[in-house]
Protein chains: 2
Amino acid sequence: MNSSGSTKERILGAAEVLFAQRGFDGASLRQLTTAAGVNLAAVNYHFGSKDKLVEQVFRRRLDALNASRLTALAKVAGAADTTLEDVLDAYIRPALDLSHDGSGSLFMRVLARAFAEHDDTLRQFLSANYGHVMRQFTAEFARLLPQLSKPELYWRIDLVTGALTHAMSGFGMIQRQKDVSENAHREETARHLIRFAVAGLSHP
Amino acid sequence: MNSSGSTKERILGAAEVLFAQRGFDGASLRQLTTAAGVNLAAVNYHFGSKDKLVEQVFRRRLDALNASRLTALAKVAGAADTTLEDVLDAYIRPALDLSHDGSGSLFMRVLARAFAEHDDTLRQFLSANYGHVMRQFTAEFARLLPQLSKPELYWRIDLVTGALTHAMSGFGMIQRQKDVSENAHREETARHLIRFAVAGLSHP
DNA sequence: GGTCGGTTCAAACGATCGTTTGAGGATACG
DNA sequence: CGTATCCTCAAACGATCGTTTGAACCGACC
């Protein structure tokens, strides 16, 4: 099937697809290794266990996402003329880019599924490894929205994140038309999200 | 363990808890029947299969949720002095009530997980069985927001739903304090959600 | 050529899964 | 009492799971 890259990378690629389609429990190592065109034992040889493979699937994408977010944030943070749209763009666009990078728009489904499945485990993992990213964005939002108390700001960022996750996962009523390119759909999603988020964040 | 109600109801109750905690694949019928205090074969006897049990878990809660939503909507829909807050309250509050009804705030996790797992299957199920509810709410939103085009309105309702789902599932940064009662937390969530949604729906 | 670490392979391991079976208990009605 | 119906039970079924094993392959280096 997939015949490019090292065995490790072929496994990671097939894992992302199958985990998104069938879930972590639902996707078996036999399906996975068959799709990747590698031997069944390769997963345990290269990753140690199925659980560690799951963790690697996350790390590979989340590292890229958060690095991209921080880079984008650094370009606009702290400036005198920074707008809410700028910061939201830095927050949203890398996520939307990620959601159709590589294996299509699958990773966000993996993430959404993981949120539902691993509960506290994943939450702690995200908080420990990527909490500083949220902290930097929160600080910049706080600078641009000084009238909001901290709890109020947390709530609003939380709701924005919910809308973002929902939109990225492709649930909901809005289905992409077949004749709309992926780029165009992503642009439309980003546009709606940012306008929605600006309104939700800055209302009195 | 659970010793009240019929065997069928004990199974449904235990299933809701375990599906939320471990997922549909992760929760085995042996764990489930042990927790419910019934025999292993009781699931297949009363429900036919594990899949049909999953469907019943959904129906029981979703029927109540949608009935509650429609009742609340009927009280405010079509009136001359209806506000956006009224309709949003009818949309949001039954969901928040459901999320901590009975077995605690577990069902929404079940639903969020199901969204991630069953993808098209669940989407079609929801659309076929409860699509008319969304249609009625959309019509009322359209009446109160005549300046919005249909695609624009769909997008905004979608993003509101994302924020609602996110908040109900208990993900995100906002964690309930231990000294805050469930009712107080639900009120706070509803208040933030409605204000956020009003801003996101009605912005120019 | 020989050998050695890294990798792939087919095969098997024990565990656990959803489901089925057939015997037995419980209750109601004649 | 007889029996018909609904339900529960322990036990087993075949299938599939993640993981392990030990042999075979392979390019690099002496």
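Chain A is the first sequence line, chain B the second, and so forth, proteins listed ahead of strands; every chain is numbered from 1.
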>> Is the phosphate of C:dT8 approached by A:Thr7 (side-chain N or O, under 4.0 Å from OP1 or OP2)?
In response: yes
>> Distance check needed: C:dC9 P versus A:Ile11 CD1, whole Å only.
In response: 10 Å
> Could you run down nucleotides 11-27 of chain D 5' to 3' and tag each one B, S or - for protein heavy-atom contact under 4.0 Å?
Replying inline: -B----BBBBB------
> Which residues satisfy the ring pair (Phe, Tyr, Trp, His ring centres under 6.0 Å) test with B:Phe137, sequence neighbours excluded?
Replying inline: B:Tyr91
> Listed by chain and number, what are the salt bridge (Lys or Arg N to Asp or Glu O under 4.0 Å) partners of A:Glu188, not counting sequence neighbours?
Replying inline: none
>> Test of understanding: with ring pair (Phe, Tyr, Trp, His ring centres under 6.0 Å), list the residues that count as partners of B:His46, not counting sequence neighbours.
In response: none
> According to a strict under-4.0 Å criterion, is A:His46 in side-chain N/O contact with OP1 or OP2 of C:dG6?
Replying inline: no
> By salt bridge (Lys or Arg N to Asp or Glu O under 4.0 Å), which residues pair with B:Glu85, not counting sequence neighbours?
Replying inline: none
> Which pairs count as salt bridge (charged side-chain N to carboxylate O under 4.0 Å, His left out) when at least one residue sits in residues 130-140 of chain B, sequence neighbours excluded?
Replying inline: B:Glu140-B:Arg143
